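Just so it is clear, the structure is predicted and the values come from calculations on it, not from any experiment.
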Amino acid sequence: MALREKMAAARQRRKFRIRKSVIGTPARPRLSVYRTNSHIYAQVIDDQAGHTLVSASTLVDDLKYDGHKGNIDAAQAVGKLLAARALALNVKHVVFDRNGFLYHGRIKALADAAREGGLDF
């Protein structure tokens with residue numbers, strides 16, 4: 001098994017372990033984060049209804065960031081945009097789902113920016 005496959009399998013195990021306890025409800029939806037080397041994506045999801053309430057990523061046109069899309073500054077911009085969109089739908093409280101990624105770097109930057117934008121988790 002190659003190193004990349006081992007890392008992917010470890011992330012899947014962490015993801016399933018986290019998702020056993022992190023569930024989005026209408027009162028407190030789940031903020032799910034996904035990252036690649038080039039981009040970062042975030043969604044606010046109501047798991048009981050099975051649909052996404054709000055989403056933001058480095059691929060959207062109204063993101064106020066022109067630099068490289070795979071760094072901490074881009075993650076902060078996505079976090080602020082997601083918080084603004086969620087507050088527009090009157091969503092203030094969320095449950096954070098780091099999706100198996102370690103909580104540092106871009107994941108932490110997105111979470112901190114979402115908190116600064118007004119989300120509570």
Side-chain angles (χ1 to χ4, degrees):
M1 185 181 281
L3 179 62
R4 183 179 301 269
E5 293 170 351
K6 287 182 181 180
M7 289 173 56
R11 186 177 91 63
Q12 280 295 337
R13 283 193 303 271
R14 283 192 306 268
K15 179 179 176 177
F16 291 137
R17 189 172 58 236
I18 292 166
R19 287 285 288 128
K20 284 192 289 188
S21 62
V22 176
I23 299 169
T25 63
R28 227 175 135 95
R30 175 171 56 101
L31 191 160
S32 178
V33 178
Y34 182 74
R35 70 171 174 83
T36 64
N37 288 337
S38 304
H39 297 284
I40 190 158
Y41 311 84
Q43 296 179 332
V44 176
I45 304 165
D46 177 5
D47 287 324
Q48 290 181 348
H51 70 279
T52 300
L53 304 173
V54 178
S55 68
S57 74
T58 52
L59 296 173
V60 296
D61 291 334
D62 52 345
L63 184 69
K64 303 289 191 261
Y65 181 75
D66 292 330
H68 179 62
K69 306 290 185 178
N71 60 13
I72 289 178
D73 295 332
Q76 290 172 341
V78 170
K80 289 177 186 174
L81 178 63
L82 183 79
R85 288 180 175 181
L87 292 176
L89 290 178
N90 203 21
V91 175
K92 295 181 179 88
H93 303 286
V94 295
V95 178
F96 188 69
D97 176 14
R98 60 188 171 93
N99 213 1
F101 296 106
L102 299 180
Y103 186 80
H104 74 98
R106 291 184 283 160
I107 303 295
K108 184 178 185 303
L110 188 141
D112 290 343
R115 282 189 195 103
E116 289 173 10
L119 290 182
D120 178 36
F121 53 93

Check: Name the one of D47, N99, T25 that satisfies side chain to side chain donor-acceptor pair (under 3.5 Å) with R30?
Finding: D47
Item checked: Exercise: identify the closest heavy-atom pair between I107 and R35 -> CD1-CD, 4.1 Å
Item checked: Side-chain heavy atoms of V33 within contact of R106, under 4.5 Å -> no
Notebook entry, point to check: How far apart are the closest heavy atoms of S55 and T52, and which atoms are they?
Noted result: CB-CG2, 4.3 Å
Checklist line | Taking every non-hydrogen atom, the tightest pair across H93 and P29 | finding: O-CD, 3.3 Å
Next item on the list: State yes or no: do V54 and I45 share one hydrophobic cluster built from I, L, V, M, F, W and Y residues joined by side-chain heavy-atom distances below 4.5 Å, directly or via other members?
Entry: no
Note to self: Between M7 and R4, is the side chain to side chain contact (heavy atoms under 4.5 Å, CB included) condition met? List the steps.
What the structure shows: CA-CA 5 Å; M7 289 173 56; R4 183 179 301 269; 5.8 Å; no
Check: Where do A74 and T58 come nearest, in terms of heavy atoms and distance?
Finding: CB-CG2, 3.9 Å
Notebook entry, point to check: Linking I/L/V/M/F/W/Y whenever any side-chain heavy atoms sit under 4.5 Å apart, do L89 and L81 land together?
Noted result: yes
N/O donor-acceptor pairs under 3.5 Å from side chains in residues 109-118, not counting sequence neighbours:
unit_1	atom_1	unit_2	atom_2	d
D112	OD1	R115	NH1	3.1
D112	OD2	K108	NZ	3.0
R115	NH1	Y103	OH	3.3

Next item on the list: Looking only at non-hydrogen atoms, find the nearest pair between D46 and G24 and report the distance.
Entry: OD1-O, 3.9 Å
Item checked: Minimum heavy-atom distance between K69 and L63, given as atom pair plus value -> NZ-CD2, 4.4 Å
Check: Using links of under 4.5 Å between side-chain heavy atoms of ILVMFWY residues, direct or through other members, which residues join V22 in one cluster?
Finding: I18, V95
Notebook entry, point to check: Transitively linked via ILVMFWY side-chain contacts under 4.5 Å: I72 with Y34?
Noted result: no
Note to self: Between R19 and D97 (side chain of the first, backbone of the second, donor and acceptor by atom type, cut-off under 3.5 Å), is there such a pair?
What the structure shows: no
Notebook entry, point to check: Under a 4.5 Å cut-off applied to non-hydrogen side-chain atoms, are H39 and S57 in contact?
Noted result: no
